[in-house]
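For reference, the structure is listed below as structure tokens.
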Amino acid sequence: MIKSTYAATQPGAVAISDRVHWIGALDPSLRTFDIILKTANGTTYNSYLVRGSEGMAVIDTVKEVFSETFFKRLESVADYSEIKYIVLNHLEPDHTGALPELMRRAPQARLFISQRAQSMLKALLKHDQFEFTPVMTGDTVSLGDRTLRFLNTPYLHWPDTQCTYLEEEKVLFSGDVFGCHYCDARLFNDRVGDFRFSFEYYYAHIMRPFREYVLKALKLIEPLPLSMIAPSHGPVLRDRPDQYLLHYRRLATSALDSEIGQEKSLLIFYISSYGNTARMAEAVYEAVGEIEGVRASLYDLEGGEVAPFVDLIEEADGLLFGTPTINGDAVKPVWDLLSSLAVVQTRGKLAGAFGSYGWSGEAVRMVEERLRGLKMTVPVEGLRIKLIPTDEELDACRAFGTSIGRALIGDVENRIVEMVQR
Ligand code: FEO
């Protein structure tokens with residue numbers, strides 16, 4: 001157990017269990033990670049050293065600019081000649097920056113990576129000389145009285161990601177998953193400040209688009225007895241590690257399923273200048289509402305914020321967007337919502353567009369293209385109506401809604417509308 005309040009500000013390694021040392025780096029001044037992620041107090045690049053009776057293993061390294069710190073910490077507890085294995089749970093440069101120099105200093109070390117990391121290793125590290133062993137779930141390597149077992153956990157958040165479990169000490173080296181950008185030199189979750197916001201923010205921006213893979217990974221991880229989760233960013237989770245598994249399961253599980261059971265959820269978003277697109281939306285909504293097995297919801301984008309709508313979209317089966325055409329384009333609130341969907345999984349959802357227009361009416365097709373770009377299926381050609389919809393045109397809106405609703409429950413064969421069909 002660490003006695004110092006600010007363990008990680010000391011130059012040496014920090015013991016986190018009987019045979020495991022933290023040898024990572026603190027980066028308290030970082031404010032933006034990977035262009036898109038904000039962090040109010042920096043991050044950490046966590047690397048770990050595991051000592052067995054027959055050698056040592058390094059789990060991940062650090063961002064290249066922090067190499068000197070990393071090597072000093074490593075040298076405080078090991079000779080390079082003792083390093084038998086290097087495990088890379090993830091190849092992103094914030095964890096592999098010091099790898100080339102580590103391989104130079106410990107050329108005898110065997111490198112373990114996931115199967116999917118193989119093609120990425122050379123491209124990322126621009127290095128031909130590394131020999132490596134690809135591993136799968138269940139593979140183990142022995143350090144004598146300590147054993148490392150690998151778990152294949154792809155897309156958390158890259159294809160290559162894996163976790164490594166130290167069997168005898170019940171420590172899970174999880175890579176980015178269960179991590180967060182939160183720098184506190186006290187290092188352990190029971191000592192650092194309140195990092196709940198950072199933990200959830202990190203999940204929402206990094207893991208959320210891959211929640212199906214999160215649930216698959218949890219199936220592998222949950223049966224393991226855990227004394228500690230040692231992620232590659234942020235606090236080491238030694239106090240109640242199981243709570244973090246539960247929290248991830250809650251975050252990755254749809255709450256909507258328990259609300260609407262087997263019904264399909266369709267969200268209709270619209271915005272309207274003179275009420276014409278609104279009339280179309282209401283007619284579509286009315287028709288969809290009559291289809292058994294579909295739960296439709298209608299939202300005026302003028303009255304809502306983007307973030308809660310993104311949450312709704314994540315759990316929906318189908319989406320419709322109603323937009324007028326103004327100056328040859330869809331309107332900003334529609335684009336704002338569509339450009340915010342990178343954090344959720346949209347692939348395979350059913351989608352469509354409709355709208356009233358004055359003279360050109362490009363918006364519907366532009367929105368449809370964006371929906372396809374997000375890998376959604378557009379089963380019914382978008383509906384455009386010039387200015388005020390007539391009674392016949394409102395019937396067409398109802399027919400459009402019925403077609404979408406039927407496609408949603410699988411009552412008709414989905415026909416993906418390609419541009420060449422126009
Ligand atoms: Fe922390 Fe995906 O690198």
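Any value given below was found using the heavy atoms of this structure, including those in side chains, with hydrogens, waters and symmetry copies removed. Keep in mind the model is a prediction, meaning the values are calculated, not measured. As the structure lists them, so they are numbered: ligands from 1, and atoms in each ligand from 1.
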What protein N/O/S atoms are found closer than 2.8 Å to atom 1 (Fe) of ligand 1?
D94 OD2, H95 NE2, D176 OD1, H233 NE2
Check all N, O or S atoms of H157 and name the one closest to atom 2 (Fe) of ligand 1.
NE2
Just say parallel, tilted or perpendicular for the rings of H95 and H90, cut-offs at 30° and 60°.
tilted
Out of the candidates W158, Y248, Y155, only one should pair with Y213 under the ring pair (Phe, Tyr, Trp, His ring centres under 6.0 Å) rule; please name it.
Y155
Using the side chain to side chain donor-acceptor pair (under 3.5 Å) rule, collect all pairs that involve residues 338-356, keeping only residues at least two apart or in two chains.
none
Test: salt bridge (Lys or Arg N to Asp or Glu O under 4.0 Å). Region: residues 19-44. Which pairs qualify, not counting sequence neighbours?
R19-D145
Under the rule for salt bridge (charged side-chain N to carboxylate O under 4.0 Å, His left out), what residues qualify as partners of R208, not counting sequence neighbours?
D311, E314
Using the rule side chain to side chain contact (heavy atoms under 4.5 Å, CB included), only one of V236, L237, D239 pairs with M228; which is it?
V236
